[in-house]
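Worksheet: the structure to be examined is printed underneath.
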Number of protein chains: 2
Amino acid sequence: MDEKDLKIINLLLENGRMSYTDIAKKLGTSESSIRKRVRKLEEMGVIKGYTAIIDPSKIGYNVVALTGFDTEPDKFLSVAKELAKFEEVKKLFTSTGDHMIMAEIWAKDGKEFSDLIFNKLGKIEGIKKICPAIILEQIK
Amino acid sequence: MDEKDLKIINLLLENGRMSYTDIAKKLGTSESSIRKRVRKLEEMGVIKGYTAIIDPSKIGYNVVALTGFDTEPDKFLSVAKELAKFEEVKKLFTSTGDHMIMAEIWAKDGKEFSDLIFNKLGKIEGIKKICPAIILEQIK
DNA sequence: TTTGAAAATTGGCCTAA
DNA sequence: TTAGGCCAATTTTCAAA
């Protein structure tokens with residue numbers, strides 16, 4: 001893990017589909033060197049994968065919310081496990097701070113979102129409080 | 001935008017570097033069909049880009065926090081603009097709910113994080129309150 | 001790092017709906 | 001007119017030396 005690895009990572013963060021050849025050109029080295037470094041970064045778990053960045057509203061998900069969940073301490077894990085089952089829950093974190101669990105949730109519209117929150121997620125055993133923050137705009 | 005486009009998107013969400021040929025195999029169609037659909041999705045802004053998924057702790061960022069910022073209403077935009085300037089602020093959203101601004105912040109360690117929060121971000125004109133939720137584990 | 005073969009990408013052109 | 005199929009040239013990937 002050196003300076004060159006970090007530069008590779010930054011290039012792949014910017015464009016996850018950049019070819020090894022292009023990275024090599026930018027960094028002034030050979031394609032095979034880059035490829036071997038990337039493979040090592042993948043094996044070490046530094047690079048966990050690659051993904052497309054999707055505009056949720058363009059595929060019909062008009063409500064995206066960062067939602068905090070407060071749980072009873074002993075139900076914490078089971079709540080997280082239940083939440084993970086919902087395909088609307090796109091990302092899920094455990095955290096300190098105001099809420100023990102934070103989730104990124106996608107819904108088609110406000111109606112579907114509130115239905116999801118009140119009638120589905122809200123019914124999970126052990127949840128004490130749900131604090132949704134609907135994202136208006138992604139600046140960065 | 002049809003069922004096939006959605007399947008392509010889901011495959012690219014899972015693996016942003018999957019080749020058109022592989023996608024075509026999975027979806028039982030030709031490579032050129034996939035390629036033209038992906039290009040269209042990119043042009044329409046449905047696919048905004050591609051990125052690598054990095055484990056922050058493996059590159060020395062041991063503290064990742066979802067942080068909410070409350071601001072004076074009229075300073076809202078200028079605060080967001082200032083926050084965006086910090087390279088430690090990896091993602092930035094405006095939102096409803098508890099906080100008007102939410103940010104994903106990466107720091108090397110707790111010391112650097114508190115320094116950042118108290119001495120740098122906290123000094124931004126117009127911020128009333130900062131609510132950091134340090135991420136312990138990403139489950140999904 | 002270099003080399004060469006296999007695979008993927010790209011663009012153009014064609015057909016069918 | 002648009003989506004998909006086909007082909008040929010180029011580029012990229014990948015493993016072995």
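If you're wondering where the values come from, they're calculated on a predicted model, not measured in any experiment. Naming: A, B, ... by sequence-line order, numbering from 1 per chain.
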In whole Å, I'd like the distance from the CD atom of A:E31 to the P atom of C:dT9. 15 Å
Output yes when A:E3 and A:K7 qualify as a salt bridge under the 4.0 Å nitrogen-oxygen rule, no when they do not. no
Determine, for A:Y61 and A:K90, whether the Lys NZ or Arg CZ falls below 6.0 Å from the six-membered ring centre while staying within 45 degrees of the axis. yes
Just checking, is any N or O donor in the side chain of A:E14 or B:Y50 under 3.5 Å from an acceptor N or O on the other one? no
Apply the hydrophobic cluster definition, ILVMFWY joined by side-chain contacts under 4.5 Å directly or through others, and give me every member besides A:L136. none
Can A:V64 be reached from A:I134 by stepping across I, L, V, M, F, W or Y side chains whose heavy atoms are under 4.5 Å apart? no
Sorted by number, residues from residues 6-23 of chain A placing a heavy atom under 4.0 Å from DNA chain C are A:R17
Could you tell me whether the phosphate oxygens of D:dG4, OP1 or OP2, come under 4.0 Å of any side-chain nitrogen or oxygen in B:S32? no
Apply side chain to side chain contact (heavy atoms under 4.5 Å, CB included) to B:L11 and B:K26, showing your working. CA-CA 9 Å; B:L11 288 172; B:K26 292 224 179 203; 4.0 Å; yes
Take a 6.0 Å sphere around NZ of B:K81 and say whether it holds more than 12 heavy atoms from other residues, nucleotides or ligands. no
Among residues 35-45 of chain B, which ones have heavy-atom contacts with DNA chain C below 4.0 Å? B:R35, B:K36
Indicate whether OP1 or OP2 belonging to D:dA3 is found under 4.0 Å from a side-chain N or O atom of B:S33. no
Gap between atoms CD1 and C1', on A:I34 and D:dT12 respectively (whole Å): 14 Å
Audit row: A:E125, A:K75, salt bridge (Lys or Arg N to Asp or Glu O under 4.0 Å) steps and yes/no: CA-CA 8 Å; A:E125 167 81 14; A:K75 298 287 170 52; 3.3 Å; yes
